[in-house]
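Working notes for the structure below.
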Amino acid sequence: MKNRINIIHGDITKIAADAIVNAANSSLLGGSGVDGAIHRIGGMEILEDCQKIRAKQGGCKIGNAVITRAGNLPAQYVIHTVGPRWNGDKQNGSELLRNCYLNCFKLAHDNGVSTISFPNISTGVYKFPKKLAAEIALQAINESLSNNHSIKRVNIVCYDIENYNIYCMMIHNS
Ligand code: AR6
C-alpha cells in the first residue's frame, strides 16, 4: 500500500492529479486556508458547481463529500469534504474525520479517479490535533486503498512542515 502513497511538502493547487480534495465548510462557498486557495485559483467553475449542489441539497454535512469540476486547477475534479472542528471530543471528531476520507474515496471511485491529492483536513482553522489527524488519515487511506484497486496514487500534500514531518515519521515506522 505504502508505495501508492506519496507524502509531499507543498501547495496542493500546484500538483497535478485527477482529483484534488478541498477542506471546505458546510456552506461550500469558500473560506480561508486551502479552501481559499482552491477557489481563488480554480475560479468560477468551482463556485458555480458548489452553488448548484447547495440548491439541490443545501450544502454539505460534516464528514460528507461532494464533487465539482476543477476550473483552472491541474485536475479534473475537486472533491469538497467538510472536516470536524476540534472541540475536545476525540471519539466523535475521529469518526467524522475518518468519514471525510472514506467518502472522498467513494466519490473518487464512482468518478473513475486514479490519482488523488489530500490536504491535511481539519488541521488548520479547525484546529484538529495534527498527530491524531494523521493517524486517522493514514488508517482510512490504507483501508480504502486495500478495497479499491482503481486508485493508483494518493498524494498527501502537507503545506506546513510540522504535518510533513509527522507523516514522514508515521510512514517510515509503518
Ligand atoms: N495546499 C495544501 N494545504 C494547504 C494549503 C495549500 N495551498 N493551504 C493551507 N493548507 P485549513 P480546516 C493546509 O485551515 O482546518 C476554511 O476557511 C493547512 O496548513 O485550510 O479543515 C474552510 O472554509 C492545514 O494543514 O482547513 C473552513 O471554514 C490544512 O491545509 C475551514 O477553513 C487544513 O487547513 C476548514 O478548516
Side-chain angles (χ1 to χ4, degrees), residues 5-44 46-51 53-54 58-68 70-75 77-90 92-105 107-108 115-138 140-141 153-171:
I5 302 176
N6 275 342
I7 312 295
I8 298 171
H9 183 216
D11 179 344
I12 204 166
T13 63
K14 303 224 165 9
I15 296 161
D18 294 340
I20 292 175
V21 173
N22 181 20
N25 61 57
S26 293
S27 80
L28 299 174
L29 294 177
S32 61
V34 69
D35 195 10
I38 283 175
H39 278 275
R40 188 168 60 249
I41 294 160
M44 280 309 290
I46 299 179
L47 190 61
E48 274 168 30
D49 287 1
C50 284
Q51 272 160 341
I53 292 165
R54 276 169 61 87
C60 181
K61 291 202 177 87
I62 301 169
N64 287 358
V66 300
I67 191 164
T68 68
N72 304 318
L73 288 168
Y77 302 109
V78 174
I79 297 176
H80 307 258
T81 188
V82 183
R85 188 189 291 275
W86 180 253
N87 63 3
D89 183 345
K90 183 174 170 190
N92 189 45
S94 300
E95 190 63 34
L96 291 168
L97 185 59
R98 175 179 153 77
N99 288 342
C100 288
Y101 285 90
L102 299 182
N103 285 320
C104 287
F105 272 100
L107 279 177
T115 60
I116 183 166
S117 294
F118 284 92
N120 308 131
I121 302 163
S122 284
T123 67
V125 172
Y126 283 176
K127 299 219 164 13
F128 208 96
K130 290 180 179 175
K131 208 156 164 273
L132 178 60
E135 278 166 22
I136 294 163
L138 282 173
I141 290 169
R153 185 165 47 92
V154 175
N155 298 321
I156 300 176
V157 184
C158 306
Y159 194 65
D160 60 275
I161 194 72
E162 194 187 345
N163 266 317
Y164 178 72
N165 289 334
I166 289 170
Y167 276 93
C168 288
M169 191 195 66
M170 282 185 187
I171 283 271

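Fair warning: this is a prediction, and the values are worked out from it, not measured in the lab. Remember, it's 1-based here, ligands and their atoms both numbered in the order they're listed.
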*Going by heavy-atom distance to atom 25 (O) of ligand 1, choose the closest among I12, T123, V21.*
T123
*asked:* Does any N or O of ligand 1 fall below 3.5 Å from an N or O anywhere on V125, backbone included?
replied: yes
*What protein heavy atom is closest to atom 33 (C) of ligand 1, reported as residue, atom name and distance in Å?*
N120 O, 3.3 Å
*Looking only at protein heavy atoms, which one is nearest to atom 22 (C) of ligand 1, and how far off is it?*
D35 OD2, 3.5 Å
Identify each donor-acceptor pair in which a side-chain atom of residues 31-43 lies under 3.5 Å from a protein atom, sequence neighbours left out, and give them as a table.
{"residue": "D35", "atom": "OD1", "partner": "N22", "partner atom": "ND2", "Å": "2.7"}
{"residue": "D35", "atom": "OD2", "partner": "G31", "partner atom": "N", "Å": "3.3"}

*Please indicate whether any nitrogen or oxygen in S32 is less than 3.5 Å from any nitrogen or oxygen in ligand 1.*
yes
*Report the nearest protein non-hydrogen atom to atom 7 (N) of ligand 1: residue, atom name, distance rounded to 0.1 Å.*
D11 OD1, 2.9 Å
*Out of curiosity, is S122 lining ligand 1, as in a heavy atom under 4.0 Å away?*
yes
_Heavy-atom nearest neighbour in the protein, as seen from atom 19 (O) of ligand 1, with distance rounded to 0.1 Å_ = D160 OD1, 3.1 Å
*Is any side-chain heavy atom of D11 less than 4.5 Å from a side-chain heavy atom of Y159?*
yes
*Does the side chain of I156 reach to within under 4.5 Å of the side chain of L138, using non-hydrogen atoms?*
yes
Atom pairs and distances, donor-acceptor, side-chain atoms in residues 125-133, under 3.5 Å, two or more places apart:
{"residue": "K130", "atom": "NZ", "partner": "D160", "partner atom": "OD2", "Å": "3.1"}
{"residue": "K130", "atom": "NZ", "partner": "E162", "partner atom": "OE1", "Å": "3.2"}

*For T13, is the nearest heavy atom under 4.0 Å from an atom of ligand 1?*
no
*Top protein contact for atom 36 (O) of ligand 1, by heavy-atom distance*: Y126 CG, 3.4 Å
*Any N/O of G124 closer than 3.5 Å to an N/O of ligand 1?*
yes
*Taking C-beta and beyond as the side chain, do H80 and I46 meet within less than 4.5 Å on heavy atoms?*
yes
_Polar proximity ligand 1 side, V34 side, N/O cut 3.5 Å exclusive_ = yes
*Got the closest protein heavy atom to atom 6 (C) of ligand 1, with its distance?*
Y159 CD1, 3.5 Å
*Atoms of ligand 1 close to A23 [distance to a heavy atom under 4.0 angstrom, numbered from 1]*: 21 (O), 22 (C), 26 (O), 35 (C)
